[in-house]
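Keep in mind the model is a prediction, meaning the values are calculated, not measured. In what follows, chains carry the letters A, B, and so on, assigned in the order in which the sequence lines appear, proteins first and then strands, with residues in each chain numbered from 1.
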Amino acid sequence: MNLFGVMGISASGLNAQRTRAEVVAGNMANAESTRTPEGGPYQRKEVVLQSQGPSSFRMQLAGAASQPGGATSGVAVRSIVTDTATPIMRYEPSHPDADSNGFVAYPNINPVLEMTDLMGAARGYQMNASAVQAAKQMIQQSIELLK
Amino acid sequence: MSMIDTPLMQRLSRFLDATASRSGVIANNIANIDTPGYHARDLDFRSQLTSIMNSDAQTTPPRVVEVRGLTERPDGNNVNMDREGLALAQTQLQFQTSVALMRAEIHRLSQAIHEGSSQ
């Protein structure tokens, strides 16, 4: 594995954590949205992370030679899924989206859950950023050899 | 054996390769810190080091093994942030030491070229 490959792995981690933070921000922003293009209230979104398989032939070869698990190359957002929890019903008869009984369906979003997820994403991002920093320093040190 | 390619240089370059590989494995663990079901991996560093120190021929490719004795979270992931941070710092310092030794060796050679003068 070369050092630029290390940076690539950390970059995939940065990307995944940022996507996670974006999805959380979207959930928080839409905590009170009663209308969506698909109809009905907004539904909470969640990211699904998956560890990536070896990307190149060389890594495949390295992975085959070393068991178990082999070499992998970072992480990827597999998909963004929708949480199908039932919406929260609030009695607001004057609301334009109220049903015949006067109840309005609000998104089932728990701010505590979202904030914890955001903290996790921020910490994960930090961790990956320091791994990039480490790889960068190692590359710089190798360049020093030329001086 | 050429002048530049001393046994020390050969071993140091293999050691550099090993530390670079290990930093890749650690970076992968860090990237997968929130992937459900992921298990932390590491290089079998000790056996790698032994093979670097003992053999003059090409060393075997580094063996990646799952780390044992880590606590698994409810989502099946067992990456420990502290462990990875520490391992990353360790690899970085090992790399730095190796580069410093290499520089010293190159410096020694260039001194010999310049007939022992300080320039």
Side-chain angles (χ1 to χ4, degrees), chain A residues 1-17 20 47-52 59 61-78 117 120-121 123-135 137-147, chain B residues 9 12-13 16-44 48 60-67 75 77 79-82 84-85 87-107:
Chain A
M1 170 145 344
N2 72 48
L3 286 168
F4 292 102
V6 178
M7 278 178 121
I9 291 172
S10 299
S12 77
L14 287 174
N15 192 25
Q17 299 294 353
R20 209 173 135 205
V47 291
V48 179
L49 299 180
Q50 188 184 37
S51 70
Q52 284 288 86
M59 286 188 76
L61 206 65
S66 53
Q67 293 297 324
T72 54
S73 55
V75 65
V77 176
R78 179 94 188 96
D117 212 21
R123 290 281 174 265
Y125 194 89
Q126 248 172 23
M127 199 73 190
N128 278 294
S130 55
V132 171
Q133 196 74 32
Q137 269 180 23
M138 281 161 87
I139 293 170
Q140 258 162 4
Q141 280 159 6
S142 329
I143 296 169
E144 292 274 301
L145 279 174
L146 293 172
K147 288 182 185 165
Chain B
M9 288 294 255
L12 280 176
S13 77
L16 277 180
D17 279 343
T19 45
S21 299
R22 186 168 187 232
S23 69
V25 176
I26 295 164
N28 196 47
N29 285 343
I30 292 174
N32 284 294
I33 203 149
D34 283 311
T35 310
Y38 179 86
H39 284 176
R41 304 191 184 118
D42 206 343
L43 282 194
D44 192 354
Q48 185 69 17
T60 50
R63 224 159 53 87
V64 180
V65 291
E66 274 190 13
V67 185
D75 65 355
N77 185 309
V79 179
N80 182 336
M81 247 195 215
D82 300 331
E84 302 307 327
L88 193 66
Q90 194 186 17
T91 334
Q92 220 182 334
L93 286 172
Q94 281 169 338
F95 192 89
Q96 206 174 343
T97 314
S98 197
V99 167
L101 284 170
M102 249 181 171
R103 287 192 73 174
E105 183 76 356
I106 293 169
H107 183 70

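Looking at every heavy atom in both residues, B:Met81 comes nearest to A:Gly124 through CE-N, 4.4 Å. Of all the heavy atoms in A:Met138 and B:Phe95, the pair that sits closest is O-CE2, 3.1 Å. Of all heavy-atom pairs between A:Ile9 and B:Ala31, the closest is O-CB, 3.7 Å. Pairing each heavy atom of B:Asn32 with each of A:Ser51, the nearest pair is OD1-CB, 3.1 Å. Here the shortest heavy-atom pairing between B:Arg103 and A:Leu145 reads CG-CD2, 3.5 Å. Summarising the geometry of B:Ala20 relative to A:Leu3, their closest heavy-atom pair is CB-CD2, 4.1 Å, with the distance given to 0.1 Å.
Heavy atoms of A:Gln50 lying under 4.5 Å from chain B belong exclusively to its backbone. Using a 4.5 Å cut-off between heavy atoms, B:Ile30 contacts chain A through both its backbone and its side chain. When heavy atoms are compared at a cutoff of 4.5 Å, A:Glu144 approaches chain B by way of both its backbone and its side chain. Both the backbone and the side chain of A:Arg123 come within contact range of chain B, each with at least one heavy atom under 4.5 Å from a heavy atom of that chain.
One distance of note links CD of B:Glu84 with OG of A:Ser130; it measures 11.0 Å at 0.5 Å rounding.
Between chain B and the residues A:Ala121, A:Ala134, A:Ser10, the largest count of heavy-atom pairs under 4.5 Å involves A:Ala134. When B:Ile106, B:Val99, B:Leu88, B:Asp34 are compared by the number of non-hydrogen pairs under 4.5 Å with chain A, B:Asp34 comes out ahead. Contact count against chain B (heavy-atom pairs under 4.5 Å) is highest for A:Asn128 among A:Asn128, A:Val48, A:Leu14, A:Asn15.
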